[in-house]
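The sequence lines fix the lettering, A, B, ..., with proteins before strands; numbering per chain opens at 1. All of these numbers come straight from a predicted model, not from anything done at the bench.
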Amino acid sequence: MEKRIVMPFTAEKAKELKAGDSVLITGVIYTARDAAHKRLVELLEKGEPLPMDVKDSMIFYVGPTPAKPGQALGSAGPTTSYRMDAYAPQLLDVGLRGMIGKGLRSPEVIDAMKRNTAVYFGAIGGAGALLSKCIKKAEVIAYPDLGAEAIHRLEVEDFPAVVVIDSQGNNLYETGRAEYLNGLK
Amino acid sequence: MREIQAQQITQTIRQLCIDANCHLAGDVKNQIKQCRSCETFPVAQGILDKIIQNYEIADENVVPICQDTGVACVFLEIGQDVHVNGNLEEAVHEGVRQGYQDGYLRKSVVADPLNRVNTKDNTPAMIYYDIVPGDGFKITVAPKGFGSENMSQIKMLKPSDGLQGVKDFILKVVKEAGPNPCPPIVVGVGIGGTFDKAATMAKRALLRPVDSHNPNPFYAQLEDEMLEKVNALGIGPQGFGGKTTALGVNIEYFPTHIAGLPCAVNINCHVTRHKSAEL
């Protein structure tokens with residue numbers, strides 16, 4: 001049974017989630033990947049404001065395909081998260097509460113998540129056509145020069161994801177594989 | 001000598017880029033369904049169902065299966081009795097340019113690996129030429145996503161490392177990749193040749209149907225053995241656990257130097273794309 005999350009994603013909501021939970025996310029989230037993260041962190045280092053309010057928000061690591069006529073956005077599945085590990089702790093420290101991606105995270109990111117009560121979600125990698133159907137509205141709010149890497153503000157409805165690493169640091173990539181392998185014994 | 005117009009090459013590549021990105025090849029679909037029927041772990045079953053649903057949506061709506069529509073790898077098998085009227089290389093890039101624009105595909109190429117400015121039209125393509133006997137002209141477009149490309153590795157093993165060294169290296173690469181390359185994956189392996197030859201063979205191995213075998217029975221048996229070993233790792237679809245870590249292991253080999261045993265492992269995701277046409 002999926003748990004529903006309505007944005008904003010507060011610490012109280014984050015605390016209730018455990019690694020392995022399936023969730024459906026509804027509300028406003030933002031996209032950012034490699035190049036946008038580099039710029040966001042440069043702003044933070046200069047003490048300048050970010051183009052969006054990340055407090056109690058989520059960043060979806062995605063570079064979508066262009067929308068076809070009739071679509072809000074094209075195919076939009078997660079990109080591999082570890083490339084954002086160099087930047088994620090600084091965003092978590094200013095209030096970012098959730099990240100949606102796929103794949104492993106560094107110990108530094110997991111420490112920052114525990115310190116800030118944040119959650120790392122996995123969406124199904126390679127299922128961009130399916131996930132696109134949950135995106136109702138999309139608008140570029142920063143860095144249009146980056147093309148697919150621009151920051152989009154998305155309105156999503158029942159966007160499916162799985163809690164991969166919860167705010168206590170429990171990790172589905174470790175427990176899921178162990179559960180499967182133990183079941184074979 | 002047979003004449004082929006450059007424009008015909010452009011038009012064909014344009015269409016192959018769109019088809020490859022929106023319609024998953026039959027061999028990959030069949031293998032995903034086959035793995036779904038053998039999968040015993042409920043979480044993994046659920047993910048494979050979503051993966052099937054995803055490629056069905058892509059088929060029906062003619063939208064990209066995955067948002068990473070890749071760098072366009074274009075393989076040309078050119079008969080030695082063919083003459084191309086026009087600029088062949090530019091015809092290939094133009095086909096990619098048109099396909100990625102007209103097909104609403106993502107432009108994912110930067111002009112310079114360090115200064116990183118997007119070329120905005122997904123060119124240049126990565127072009128692989130083969131000159132073959134006859135007057136045929138075969139084009140294969142294989143868009144390659146980088147979530148999986150980044151998890152690929154090459155190792156110059158020693159002859160004394162032997163078969164065991166090759167097996168250990170393949171397993172190490174898959175294990176280190178873990179959930180990152182969007183499992184279930186397809187594993188392309190190139191053994192022998194030189195440093196670059198091994199890598200190219202690994203990439204070409206991914207063009208072979210995922211359920212096919214190397215014609216050499218020794219390597220066919222090695223493919224089966226490695227698929228079994230990879231799937232015993234328990235990584236599973238998306239890395240959440242399960243039997244289906246890989247859909248297939250395709251191995252290519254080539255003669256090599258007395259001092260060497262190059263081994264390249266090119267990882268692909270469950271959206272392993274390739275479409276061909278003959279002119």
Less than 4.5 Å apart, side chain to side chain, heavy atoms only: is that true for [X] and [Y]?
{"X": "A:Lys102", "Y": "B:Asn180", "result": "no"}
{"X": "B:Asn150", "Y": "A:Tyr82", "result": "yes"}
{"X": "A:Thr79", "Y": "B:Phe146", "result": "no"}
{"X": "A:Tyr180", "Y": "B:Lys243", "result": "yes"}

Side chain, backbone, both or neither of [X] within contact of chain B (heavy atoms, under 4.5 Å):
{"X": "A:Ala123", "answer": "backbone"}
{"X": "A:Ala127", "answer": "both"}
{"X": "A:Leu181", "answer": "side chain"}
{"X": "A:Ala178", "answer": "neither"}
{"X": "A:Asp34", "answer": "neither"}
{"X": "A:Glu149", "answer": "neither"}

Tell me, for [X] versus chain A, whether the close heavy atoms (under 4.5 Å) come from the side chain, the backbone, both or neither.
{"X": "B:Val62", "result": "both"}
{"X": "B:Ala232", "result": "backbone"}
{"X": "B:Ser108", "result": "neither"}
{"X": "B:Asn61", "result": "both"}
{"X": "B:Val271", "result": "side chain"}
{"X": "B:Leu105", "result": "backbone"}

Value rounded to 0.5 Å, distance of [atom1] in [X] from [atom2] in [Y]:
{"X": "B:Leu48", "Y": "A:Ile124", "atom1": "CG", "atom2": "CD1", "value": "9.0 Å"}
{"X": "A:Leu131", "Y": "B:Asn54", "atom1": "CG", "atom2": "CG", "value": "7.0 Å"}
{"X": "A:Asp145", "Y": "B:Lys120", "atom1": "CG", "atom2": "NZ", "value": "6.5 Å"}
{"X": "A:Thr65", "Y": "B:Tyr100", "atom1": "OG1", "atom2": "OH", "value": "11.5 Å"}

Top residue by heavy-atom pair count (under 4.5 Å) with chain B, among [options]?
{"options": "A:Gly74, A:Ala35, A:Ala76", "result": "A:Ala76"}
{"options": "A:Gly103, A:Ala67, A:Gly126", "result": "A:Gly126"}
{"options": "A:Pro66, A:Gly176, A:Ser132", "result": "A:Pro66"}

Evaluate whether atom [atom1] of [X] has more than 12 neighbouring non-hydrogen atoms of other residues, nucleotides or ligands under 6.0 angstrom away.
{"X": "B:Lys175", "atom1": "NZ", "value": "no"}
{"X": "B:Lys167", "atom1": "NZ", "value": "yes"}
{"X": "B:Lys50", "atom1": "NZ", "value": "no"}
{"X": "B:Glu228", "atom1": "CD", "value": "no"}
{"X": "B:Lys155", "atom1": "NZ", "value": "no"}
{"X": "A:Lys136", "atom1": "NZ", "value": "yes"}

### Task
Decide yes or no on side chain to side chain contact (heavy atoms under 4.5 Å, CB included) for A:Arg177 and B:Leu233, but give the supporting numbers first.
CA-CA 8 Å; A:Arg177 184 169 169 229; B:Leu233 292 172; 4.2 Å; yes

### Task
Determine, stepwise, if the pair B:Val63 / A:Lys133 fulfils side chain to side chain contact (heavy atoms under 4.5 Å, CB included).
CA-CA 11 Å; B:Val63 294; A:Lys133 288 192 166 289; over 6 Å; no

Within the distance-only criterion (no hydrogens, no angle test), does the side chain of [X] pair as donor or acceptor with the backbone N or O of [Y] below 3.5 angstrom?
{"X": "B:Arg106", "Y": "A:Gly63", "result": "yes"}
{"X": "A:Lys68", "Y": "B:Tyr104", "result": "no"}
{"X": "B:Gln238", "Y": "A:Gly125", "result": "yes"}

### Shortest non-hydrogen contact from A:Thr80 toward B:Gly147
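In terms of heavy atoms, the two residues are closest at OG1-CA, 3.6 Å.
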
### Query
For the residue pair A:Ser75 and B:Pro64, what are the closest heavy atoms and their distance?
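Nearest pair, atom of A:Ser75 first, then B:Pro64: OG-O, 2.5 Å.
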
